[in-house]
Amino acid sequence: MNLKLNPIKTVESAIFRLFKNDPKLKNYFGEKIDPIIRLSDPKFGDFQANGVLALAKSKNLNAIELANDISQKLSDEEYLGTKYFRMSVAAPGFINFSLKEDFLIKWIQSFNSIDAITKDISKYYDKKTIIVDFPSANTAKQAHIGHLRPMVIGESIARIIEFAGAKVIRDNHIGDWGTNFGTLIMIIKKELIDLKSIGTPSEALEEIDRLYKKASLIEKLTPELRDTSRNELVKLQNGDLENTQIWENIITISNQAFEELFEQLGVRIDVTLGESFYKDKVQRVYDELSDLKIAEESEGALVVWHNETKKFAKNNPRPFPFNIRKKDGASNYASTDLATLIYRIEHFRAEEIIYLTDARQKDHFEQLFLTANKWIQAKNYPKPNFKHVWWGTILGSTNKPIKTKSGGSIKLQSIIDEAIIRAKEVVSQKNPQLSENEKDSIAKAIGIGAIKYADLSSNRTLDYVFEWDRMLSFEGNTAPYLLYVFARINSIFKKSNLNKTIQDFSKLSELETKHERLLVRKLIQFSFALEQSLSDLRPHFLCTYLFELSGIFNTYYSNDKIIHENAETQLRRLTLCHRTQLILKLGLKLLGINTIEKM
RNA sequence: GGGGGCGUAGCUCAGUUGGAUAGAGCAACGGUUUUCUAAACCGUAGGUCACAGGUUCGAGUCCUGUCGCCCCUGCCA
């Protein structure tokens, strides 16, 4: 048997082979059937094939008889055989599959390292070039809680598809070319501010943020200043040296301040190409889309209608065009996104582009993709896949979007700081004997891990409620609970005299207890969870799995003594600890969460 | 007005894309430690899956309608 990480694949390919080779089945159903194999309730087995029911129905056959026929044929050595799988049929026509002991052992022996797992899973994307557009940091403004989800979800998705074999380019598409720069330059000149002398990047950014708010207020009181600002913006756009210098300083400060956050949150960025980079590339968008008659003038602006989609059709009572050039001739979000998209195809040879934003931008991306596809088709450009990965809002305890008491947005840095402080309080309380350094590094891992895990563990398309006590709790589906299991296993290895970095754990002796078997079966389900997360780019499937794995490990731990007088038993149980740790570390890594050796 | 999302236990959430008797965690109640980290484990209780129809062997999941909440709806990104 060719062992696959995911045994469902093995079962599936045996069924496909059967339907290809068996003349009777092939005649009746053809080769393109879907066996619909799913995990099943443990009392029925490990997996079940639900597809027989539909097949039987399509030809008016007795489903149980068909299921019996198929499962009997699968027992042939040519297909699944009987060494590794046990099959049974249940009403009204399910085929149940159980993994036999030999399979459990063989699987554990085969997938004994990250490399072994990587080798299997990297075929999923097979070196496809994928641009992940995140976290779209803004400039001249401090990061707030709204930046949390793009950083956390984006990083996790990037890691997951990278692990699945994609060549990932993380492109931070910064908003560095807005009208706000006129206002900022105005106030900076007016107050003779030297941005470089302010302090650290985040302090400087805070000052810029404050200056902008102040300037907006002044503009309201003295409208002449608004003209000054507009004039500064025009000068900037025309390449005025002094204004360009100020603009560059602001961008540099913003990027540096964001990098501090990326560093803390473990976000990696490959390229940072903002709107300013595309400012000389939007003309091509206007030209080509106009020439192709994809875009047309409307109320002075250049827009794209999509008549095949009711919502974006021209004859809609309340029209909703894709506006790609404002009536004053300026570019906007849409023009830049189109220019960016073409650049990514031509320069990066992107085969897939994943955009990460919140739910409110769904219409924009629907219009963007419709427009891009028409453009690409007309010009015969290479056509990548487009995906919009979106998410809901972070809510406060009142079930309204989370805000500070005064109604402002909460700074991302203050969230991180508070998480670490809260985590440290708990660590100090639980383990007062640790050194201050140890407490700090543990608190950092737990605090940041907790924020991230809270964001990732529920379905991203839903809103979620931000609750400190829950995310930092050591009970339930939380980062601390998972991290604890990891640390606990470390402690076992320390107590045993086996060095897990030297020992290869390549053999596994016969399993003895029910908890050993349950743990192995759960370990085997890893790839299933991973593939679920991959198929829809939803990390919460992986979270749910890791939580369940941890629970099963804890049960195992409290029932089966691992440090054992019998050397063989001890080695086997330590091997299971080793694999649990392997999967936990890998899974958490894919979520962007660092493990800690002790806590 | 139009479009989209959501509604599952007191609370926070899962529910394997239509499968077998709807699951966790918290909170509540009860139990487990001379033994590898009790930051753990085990148990009890808690449900008209918003409501009403429909589709079929089979619906929390798909379709229609109703109610409720949230978001988007021409030049912000």
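Residue numbers begin at 1 in each chain, while the letters A, B, ... track the order of the sequences.
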Sequence-distant partners of A:Gln361, side-chain hydrogen bond (donor to acceptor under 3.5 Å, both in side chains), two or more places apart: A:Tyr333

A:Arg488, nearest nucleotide to its side chain (from B:C26, B:A38, B:C13): B:A38

Touch class at under 4.0 angstrom, heavy-atom based, for A:Asp536 against every strand present: base

B:G15 OP1/OP2 closer than 4.0 Å to side-chain N/O of A:His540: yes

Proximity to the side chain of A:Asn399 - top-ranked nucleotide from B:C75, B:U73, B:U12: B:U12

RNA chain B base-pair string [pairs: Watson-Crick or G-U under 3.5 Å; |: paired with another strand]: (((((((..((((.....[...)))).(((((.......))))).....(((((..]....))))))))))))....

Distance in angstrom units between A:Met599 CE and B:A40 C1', rounded: 12 Å

Out of B:G1, B:C71, B:A14, whichever nucleotide has its closest atom nearest the side chain of A:Asn459: B:A14

Touch class at under 4.0 angstrom, heavy-atom based, for A:Asn554 against every strand present: sugar-phosphate

N/O (side chain, A:Asn477) to phosphate O (OP1/OP2, B:A24) under 4.0 Å: no

Distance test, side-chain N/O of A:Lys561 to OP1/OP2 of B:C36, below 4.0 Å: no

Sugar-phosphate only, base, or nothing, as touched by A:Pro321 at under 4.0 Å among non-hydrogen atoms: base

Sugar-phosphate only, base, or nothing, as touched by A:Arg360 at under 4.0 Å among non-hydrogen atoms: sugar-phosphate

Sugar-phosphate, base or nothing in reach of A:Ala529, heavy atoms under 4.0 Å: nothing

Out of B:A14, B:A39, B:G5, whichever nucleotide has its closest atom nearest the side chain of A:Trp390: B:G5

Aromatic A:Tyr557 / basic A:Arg488 pairing, under 6.0 angstrom, 45° off normal: yes

Sugar-phosphate, base or nothing in reach of A:Tyr464, heavy atoms under 4.0 Å: sugar-phosphate

Any N/O donor-acceptor pair, A:Asn96 side-chain to B:A20 base, under 3.5 Å: yes

Side chain of A:Phe94 - closest among B:A24, B:C36, B:A20: B:A20

Under-4.0 Å side-chain N/O to phosphate OP1/OP2 contact, A:Ser491 with B:U37: yes

Per A:Tyr481 side chain, nearest of listed nucleotides B:C72, B:C41, B:C57: B:C41

Sugar-phosphate, base or nothing in reach of A:Glu299, heavy atoms under 4.0 Å: base

Heavy-atom donor-acceptor pair, A:Gln48 side-chain to B:A20 base, under 3.5 Å: yes

Stacked pair A:Tyr484-B:A40, distance under 5.5 Å, angle under 30°: no

Distance below 4.0 Å between A:Thr555 side-chain N/O and B:C42 OP1 or OP2: yes

Base of B:G74 paired with side chain of A:Ser298 (donor-acceptor, under 3.5 Å): yes

Residue A:Thr544, side-chain heavy atoms: nucleotide from B:C41, B:A14, B:U37 that is nearest: B:A14

